[in-house]
Amino acid sequence: MNPRTALVTGGTGGIGTAIVRYLARQGHRVATNYRDEARAQAWRARMAAEGIDVCMVPGDVADPGSAEAMIRAMERDCGPVDILVNNAGITRDSTFHKMDYQQWSEVVNTNLNACFNVTRPVIEGMRARRWGRIVQISSINGQKGQYGQANYAAAKAGMHGFTISLAQENAKFGITVNTVSPGYVATDMVMAVPEEVREKIVAQIPIGRLGKPEEIAHAVAFFTTDEASWITGTNLAINGGHYMGW
Ligand code: CAA
């Protein structure tokens, strides 16, 4: 395995932390962004206690200027980004007839527009160096839709449209671009769903349980290997059998 610099956006979150941990244990230098200094430092200390030194740079992926400044600082402090995992994401669940523009735009900006904001400043370097791995963390709900998530499902489906276009444009440059679509994973985001609603959702999962963040991280790490160089433009569903598209 060749050690690389990997940027995992939203690395301090549930799935993000597992991806950071997994890539770091494979020997990569791992970086993430943060918005809240105190929370970020507490998280960084927890990772350091596990022996993982994470390069942390302030930046809001939903804001193009902030994201570009973050990438430039990261390149300076941690080296050029070879592996990018567009993982940062939020929910603002509401049935559409009650949804306001803020709930719509916050989700689209953080989950989808961030793919532009963060990938645009790294893509030219990857093309020049003729190697790159980009992974979008989408969602089962971008594939099947979800009651109460018109904003989130639209953004998550859009992420895979981004993947398959970028995959075509950059294939000749040694860059692969793929999507991982997690189902319901035991993170704070999913635990925020009202319990009675969540129980009904879990009952629909053939494997009969929520996913574990490490199960998503394992798949992300697979896409970032040298050996996965012929896999591009794919969407890997990891959802306990909850949605079996093909
Ligand atoms: N299918 C059909 N009807 C449904 C439904 C469903 N899946 N979910 C709710 N309803 C119905 C209820 O039964 C209720 O019907 P009645 O009015 O006839 O009793 C009605 O919808 C309630 O509608 P309201 O608009 O009044 O609902 P609300 O404002 O109380 O909350 C909600 C609606 C916010 C969508 C809430 O149901 C909810 O949080 N649902 C979970 C959404 C979800 O799965 N989010 C995933 C978050 S995790 C994540 O996003 C990670 C990932 O990638 C998987």
Side-chain angles (χ1 to χ4, degrees), residues 8-22 32 61-62 84-115 118 134-164 178-221 223 234-246:
V8 181
T9 66
T12 61
I15 291 177
T17 299
I19 299 172
V20 166
R21 198 178 270 136
Y22 210 108
T32 192
V61 297
L84 168 61
V85 185
N86 280 313
N87 166 74
I90 58 167
T91 54
R92 297 286 182 268
D93 292 355
S94 164
T95 43
F96 185 68
H97 63 278
K98 292 182 189 166
M99 189 178 290
D100 61 28
Y101 182 70
Q102 193 175 347
Q103 290 169 312
W104 173 268
S105 60
E106 282 180 4
V107 168
V108 171
N109 281 335
T110 304
N111 300 11
L112 179 59
N113 291 340
C115 291
V118 177
I134 301 174
V135 181
Q136 267 64 252
I137 305 300
S138 178
S139 165
I140 184 176
N141 292 341
Q143 300 180 291
K144 71 166 185 56
Q146 170 60 40
Y147 197 104
Q149 286 201 308
N151 49 0
Y152 186 85
K156 290 295 188 181
M159 289 175 83
H160 189 58
F162 175 71
T163 287
I164 55 185
N178 291 288
T179 299
V180 169
S181 289
Y184 285 75
V185 175
T187 60
D188 291 347
M189 183 185 274
V190 166
M191 296 328 259
V193 173
E195 196 178 347
E196 67 283 6
V197 177
R198 204 174 56 241
E199 276 169 9
K200 285 189 193 139
I201 291 170
V202 175
Q204 294 163 14
I205 303 175
I207 291 184
R209 63 167 173 84
L210 295 174
K212 299 175 190 162
E214 310 83 66
E215 291 170 322
I216 309 306
H218 177 67
V220 173
F223 280 126
T234 195
N235 186 0
L236 180 59
I238 309 174
N239 58 36
H242 192 170
Y243 179 73
M244 301 183 184
W246 65 284

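When a ligand or atom number is given, it counts from 1 through the structure's own listing order. Because the structure is a prediction, the values reported are computed rather than measured.
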Inset, instruction - Name the closest protein heavy atom to atom 29 (O) of ligand 1, giving the residue it belongs to and the distance to 0.1 Å. - result: Lys98 NZ, 3.4 Å
Inset, instruction - Measure the distance from atom 45 (N) of ligand 1 to every protein heavy atom, then report the residue, atom name and distance (to 0.1 Å) of the closest one. - result: Asp93 OD2, 2.7 Å
Legend entry - Protein residue, atom and distance nearest to atom 32 (C) of ligand 1, heavy-atom basis: Gly148 CA, 4.8 Å
Legend entry - Top protein contact for atom 3 (N) of ligand 1, by heavy-atom distance: Tyr147 CE1, 3.2 Å
Inset, instruction - Could you check atom 40 (N) of ligand 1 against the protein and tell me its nearest heavy-atom contact, residue, atom and distance included? - result: Val197 CG1, 3.7 Å
Legend entry - Side-chain (Thr17) to main-chain (Thr12) donor-acceptor, under 3.5 angstrom: yes
Inset, instruction - Consider every N or O of Asn141 and every N or O of ligand 1, then say whether any pair is closer than 3.5 Å. - result: no
Legend entry - Closest protein heavy atom to atom 50 (O) of ligand 1, given as residue, atom name and distance to 0.1 Å: Gln149 NE2, 2.9 Å
Legend entry - Crowding at CG, Asp100 (>12 non-hydrogen neighbours, <6.0 Å): yes
Legend entry - Sub-4.0 Å protein heavy atom next to atom 53 (O) of ligand 1: yes
Inset, instruction - Return the set of residues passing ring-ring contact (aromatic ring centres under 6.0 Å, His included) with Tyr22 (not counting sequence neighbours), or none when no residue passes. - result: His218
Inset, instruction - Identify, by atom number and element, the atoms of ligand 1 in contact range of Thr91, meaning under 4.0 Å from any of its heavy atoms. - result: 50 (O)
Inset, instruction - Check if Thr187 has a non-hydrogen atom at a distance under 4.0 Å from any atom of ligand 1. - result: no
Inset, instruction - Output yes when a side-chain donor or acceptor of Thr32 lies under 3.5 Å from a complementary backbone atom of Gly11, and no otherwise. - result: yes
Inset, instruction - Would you name the heavy atoms of Val202 and Gly208 that are closest together and state the gap between them? - result: CG1-O, 4.2 Å
Legend entry - ring-ring contact (aromatic ring centres under 6.0 Å, His included): pairs with one or both residues in residues 178-211, sequence neighbours excluded: Tyr184-His242
Inset, instruction - State the atoms of ligand 1, each with its element, that fall below the 4.0 Å cut-off from a heavy-atom position in Ser139. - result: 52 (C), 53 (O), 54 (C)
Inset, instruction - State whether any protein heavy atom lies less than 4.0 Å from atom 7 (N) of ligand 1. - result: yes
Legend entry - Numbering as shown, the atoms of ligand 1 that approach Gln146 to under 4.0 Å (heavy-atom distance): 42 (C), 43 (C), 44 (O)
Legend entry - Any donor-acceptor N/O pair, Ser139 side chain to Asn141 backbone, under 3.5 Å: yes
Inset, instruction - Select the closest option to atom 49 (C) of ligand 1 among Gln204, Lys156, Met189, Met99, judged by heavy-atom distance. - result: Met189
Inset, instruction - Would you verify that at least one protein heavy atom lies under 4.0 Å from atom 14 (C) of ligand 1, or report that none does? - result: no
Inset, instruction - Please could you name the atoms of ligand 1 that Val190 approaches to less than 4.0 Å, counting only its heavy atoms? - result: 48 (S)
Inset, instruction - I would like to know whether Ser138 and Thr179 meet side chain to side chain donor-acceptor pair (under 3.5 Å); could you show each step before the answer? - result: CA-CA 6 Å; Ser138 178; Thr179 299; over 6 Å; no
Legend entry - Under 4.0 Å to a heavy atom of Thr95 - the qualifying atoms of ligand 1, by number: 25 (O)
Inset, instruction - Report the residue from Val107, Asn151, Asn111 that forms a side-chain contact (heavy atoms from CB on, under 4.5 Å) with Lys156. - result: Asn111
Legend entry - Protein contact for atom 18 (O) of ligand 1 (heavy atom, distance under 4.0 Å): no
Inset, instruction - Specify the protein heavy atom at minimum distance from atom 39 (O) of ligand 1: its residue, its atom name, and the distance to 0.1 Å. - result: Pro194 CD, 3.6 Å
Inset, instruction - Do me a favour and list the nearest non-hydrogen protein atom to atom 44 (O) of ligand 1 with residue, atom name and distance? - result: Tyr184 OH, 2.7 Å
Inset, instruction - Check whether any side-chain N or O of Thr9 sits under 3.5 Å from a backbone N or O of Asn87 as a donor-acceptor pair, and report yes or no. - result: yes
Inset, instruction - Check Ala217 against Ala18 and note the closest heavy-atom contact, atom names and distance. - result: CB-O, 3.4 Å
Legend entry - Per-atom contacts, ligand 1 versus Ile201 - under 4.0 Å to a heavy atom: 44 (O)
